[in-house]
**Student:** 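One structure, as structure tokens, below. Some questions next.
These numbers come from a predicted model, not from an experiment.
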Amino acid sequence: MQLVIFAGGLGTRISEETDYLPKPMIKIGKKPILWHIIKYYSFFGFTEFLICGGYKINIIKNYFTKNKIDRNWNVKVINTGKNSNTGERLKRLKKYINKPFCLTYGDGLSNVNLNKLIKSHKKNKSVVTLTAVKPTPHFGRLVINGNKVFKFLEKDQVKENWVNGGFFVCEKEIFQFLNKKNTIFEKDTLDLLAKKKKLSAYRHKDFWYCMDTLRDKRYLNK
């Protein structure tokens, strides 16, 4: 099965790093987060990786050309446009994909069991299955009555809502739902699939973390 990775965005919320690097090339430990993602999928037997590049794409290309990586990894870095939205990036990979595939973002790490995720996708027979996660809360919550704080609730992950954590499994049929110009995968495609009851969720209750800010990078390094 192929893995498609969104890796072309500007990453403006972590501009301290992305002024110089594309976001997926920011290092966690001694390796780019993109390497960690590929390494994780390779543990489950994945060998073919399609990277949707855009912003500072040459840095990604150079890394996989010049550095010694696992000889079983077949990595293609494809220019999907500097200003493309996620749906447009995926659309531009259509000619490389001829079977069901996995899809993820180039800035998120998890210990989701990919075998169980794929099994769940096949069982539900949806066009797309996403991994639903509960993010680590950054703030406590207030319950306010009038101008008075009625209750202060400390951070509690259990009470967080489920959110889209990425780590998708997609059927080839997905390309029928990418018709808009410069379409947004999350807003346009997933919303439409949900309305048509063609979108499933696999609940993952363990580790998941997305690197949006410098604070997130420090957390992942820790």
**Student:** Taking all atoms of both residues into account, what is the closest heavy-atom pair of Pro135 and Val163, and its distance?
**Tutor:** CD-CG2, 3.6 Å

**Student:** Give every donor-acceptor pair under 3.5 Å between a side-chain atom in residues 194-201 and any protein atom, sequence neighbours left out.
**Tutor:**
from, atom 1, to, atom 2, distance (Å)
Lys195, NZ, Asp191, OD2, 3.3
Ser200, OG, Ser126, OG, 2.4

**Student:** Grouping I, L, V, M, F, W and Y whenever their side-chain heavy atoms are under 4.5 Å apart, do Phe6 and Ile60 come out in a common cluster?
**Tutor:** no

**Student:** Should Ile38 and Phe46 be marked as a side chain to side chain contact (heavy atoms under 4.5 Å, CB included) after you check the CA-CA gap, both sets of side-chain angles, and the distance that decides it?
**Tutor:** CA-CA 8 Å; Ile38 292 175; Phe46 283 71; over 6 Å; no

**Student:** Closest heavy-atom contact between Tyr40 and Val112?
**Tutor:** OH-O, 2.7 Å

**Student:** Is Lys125 close to Glu171 at the side-chain level, that is, under 4.5 Å between some pair of heavy atoms?
**Tutor:** no

**Student:** Could you check whether any side-chain N or O of Thr183 sits under 3.5 Å from a backbone N or O of Gly87, counting only pairs where one atom can act as donor and the other as acceptor?
**Tutor:** no

**Student:** Measure the OH-OG1 distance between Tyr202 and Thr129 for me, rounded to the nearest 0.5 Å.
**Tutor:** 11.0 Å

**Student:** Who passes side chain to side chain contact (heavy atoms under 4.5 Å, CB included) against Asp70, sequence neighbours left out?
**Tutor:** Asn72, Trp73

**Student:** Quick one: side chain to side chain contact (heavy atoms under 4.5 Å, CB included) partners of Cys210, sequence neighbours excluded?
**Tutor:** Asp107, Trp208, Asp212

**Student:** Nearest heavy-atom pair of Asn98 and Lys172: which atoms, and what distance?
**Tutor:** C-CD, 3.1 Å

**Student:** Report the residues that fulfil ring pair (Phe, Tyr, Trp, His ring centres under 6.0 Å) with Phe177, sequence neighbours left out, ordered by chain and then residue number.
**Tutor:** none

**Student:** Taking ring pair (Phe, Tyr, Trp, His ring centres under 6.0 Å) as the test, write out the residues that go with Phe167, two or more places apart.
**Tutor:** none

**Student:** Starting at CD1 of Ile174, measure out to CZ of Phe101 and round the result to the nearest 0.5 Å.
**Tutor:** 6.5 Å

**Student:** Decide whether Ile28 and Ile69 are clustered together by the hydrophobic rule: side chain heavy atoms of Ile, Leu, Val, Met, Phe, Trp, Tyr closer than 4.5 Å, transitively.
**Tutor:** yes

**Student:** What distance separates Lys181 NZ from Asn85 CG, expressed to the nearest 0.5 Å?
**Tutor:** 12.0 Å

**Student:** With the 4.5 Å side-chain cut-off for hydrophobic clustering, are Leu93 and Phe64 part of the same group?
**Tutor:** no

**Student:** Check the pair Ile97, Phe175 against side chain to side chain contact (heavy atoms under 4.5 Å, CB included), reporting the backbone distance first and the verdict last.
**Tutor:** CA-CA 10 Å; Ile97 294 169; Phe175 293 102; 3.9 Å; yes

**Student:** If I compare all heavy atoms of Met1 with all of Cys102, which pair ends up nearest, and what's the gap?
**Tutor:** SD-SG, 3.6 Å

**Student:** Are Leu10 and Val77 co-members of a hydrophobic cluster defined by side-chain heavy atoms under 4.5 Å apart?
**Tutor:** no

**Student:** Distance from Leu34 atom CG to Phe49 atom CZ, nearest 0.5 Å?
**Tutor:** 10.0 Å

**Student:** Establish, yes or no, whether a centroid distance under 6.0 Å links the rings of Tyr219 and Tyr209.
**Tutor:** yes

**Student:** Checking Ser110 side chain against Phe207 main chain: does a donor-acceptor pair fall under 3.5 Å?
**Tutor:** yes

**Student:** Does Lys61 have more than 12 heavy atoms from other residues, nucleotides or ligands lying within 6.0 Å of its NZ?
**Tutor:** yes

**Student:** State, with a plain yes or no, whether a side-chain heavy atom of Tyr105 is found less than 4.5 Å away from one of Ile37.
**Tutor:** no

**Student:** Let me confirm one number: the CD1-CG distance from Ile14 to Asp216, rounded to the nearest 0.5 Å.
**Tutor:** 7.0 Å

**Student:** Once side chain to side chain contact (heavy atoms under 4.5 Å, CB included) is applied, do any residues pair with Lys187, and if so which ones, sequence neighbours excluded?
**Tutor:** Ile184

**Student:** Salt bridge (Lys or Arg N to Asp or Glu O under 4.0 Å): which pairs involve residues 37-46, sequence neighbours left out?
**Tutor:** none

**Student:** So do the side chains of Thr189 and Val128 get within less than 4.5 Å of each other, counting heavy atoms only?
**Tutor:** no

**Student:** Would a single hydrophobic cluster contain both Val133 and Val169, if residues Ile, Leu, Val, Met, Phe, Trp and Tyr are joined by side-chain heavy-atom contacts under 4.5 Å?
**Tutor:** yes

**Student:** Taking atom types as modelled, is there a side-chain donor on Asn111 or His204 under 3.5 Å from an acceptor on the other?
**Tutor:** yes

**Student:** Can you list every pair that meets salt bridge (Lys or Arg N to Asp or Glu O under 4.0 Å) and has a residue in residues 80-104, with sequence neighbours left out?
**Tutor:** Glu88-Lys91, Glu88-Arg92

**Student:** If you take all heavy atoms of Val4 and Cys52, which pair is closest and at what distance?
**Tutor:** CG1-SG, 3.6 Å

**Student:** May I have all residue pairs that pass side-chain hydrogen bond (donor to acceptor under 3.5 Å, both in side chains) and include part of residues 46-56, sequence neighbours excluded?
**Tutor:** Gln2-Glu48

**Student:** Determine whether the aromatic ring centres of residues Phe168 and Phe185 are separated by less than 6.0 angstrom.
**Tutor:** yes

**Student:** Going by atom types only, do Thr65 and Asn62 share a side-chain donor-acceptor pair under 3.5 Å?
**Tutor:** no

**Student:** Scan residues 112-122 for pairs that pass salt bridge (Lys or Arg N to Asp or Glu O under 4.0 Å), counting only residues two or more places apart or in two chains.
**Tutor:** none

**Student:** Ignoring hydrogens and angles, tell me if any N or O in the side chain of His36 forms a donor-acceptor pair with the backbone of Leu109 under 3.5 Å.
**Tutor:** no

**Student:** Output the distance between atom NZ (Lys30) and atom CG (Asn221), rounded to the nearest 0.5 Å.
**Tutor:** 12.0 Å

**Student:** Heavy atoms only: give me the nearest Leu3-Thr104 pair and the separation to one decimal.
**Tutor:** CD1-CG2, 4.0 Å

**Student:** For Tyr63, enumerate each residue passing the side chain to side chain contact (heavy atoms under 4.5 Å, CB included) test, keeping only those at least two apart in sequence or located in another chain.
**Tutor:** Met25, Lys31, Pro32, Trp35, Asn67

**Student:** Return each pair, listed once, that meets side-chain hydrogen bond (donor to acceptor under 3.5 Å, both in side chains) where at least one residue sits in residues 7-19; pairs must be two or more places apart or across chains.
**Tutor:** Glu17-Lys217

**Student:** Run the side chain to side chain contact (heavy atoms under 4.5 Å, CB included) test on Val127 and Gln176 for me, step by step, so that the C-alpha distance in whole Å, both residues' side-chain angles and the decisive distance to 0.1 Å come before the verdict.
**Tutor:** CA-CA 10 Å; Val127 175; Gln176 299 175 22; over 6 Å; no

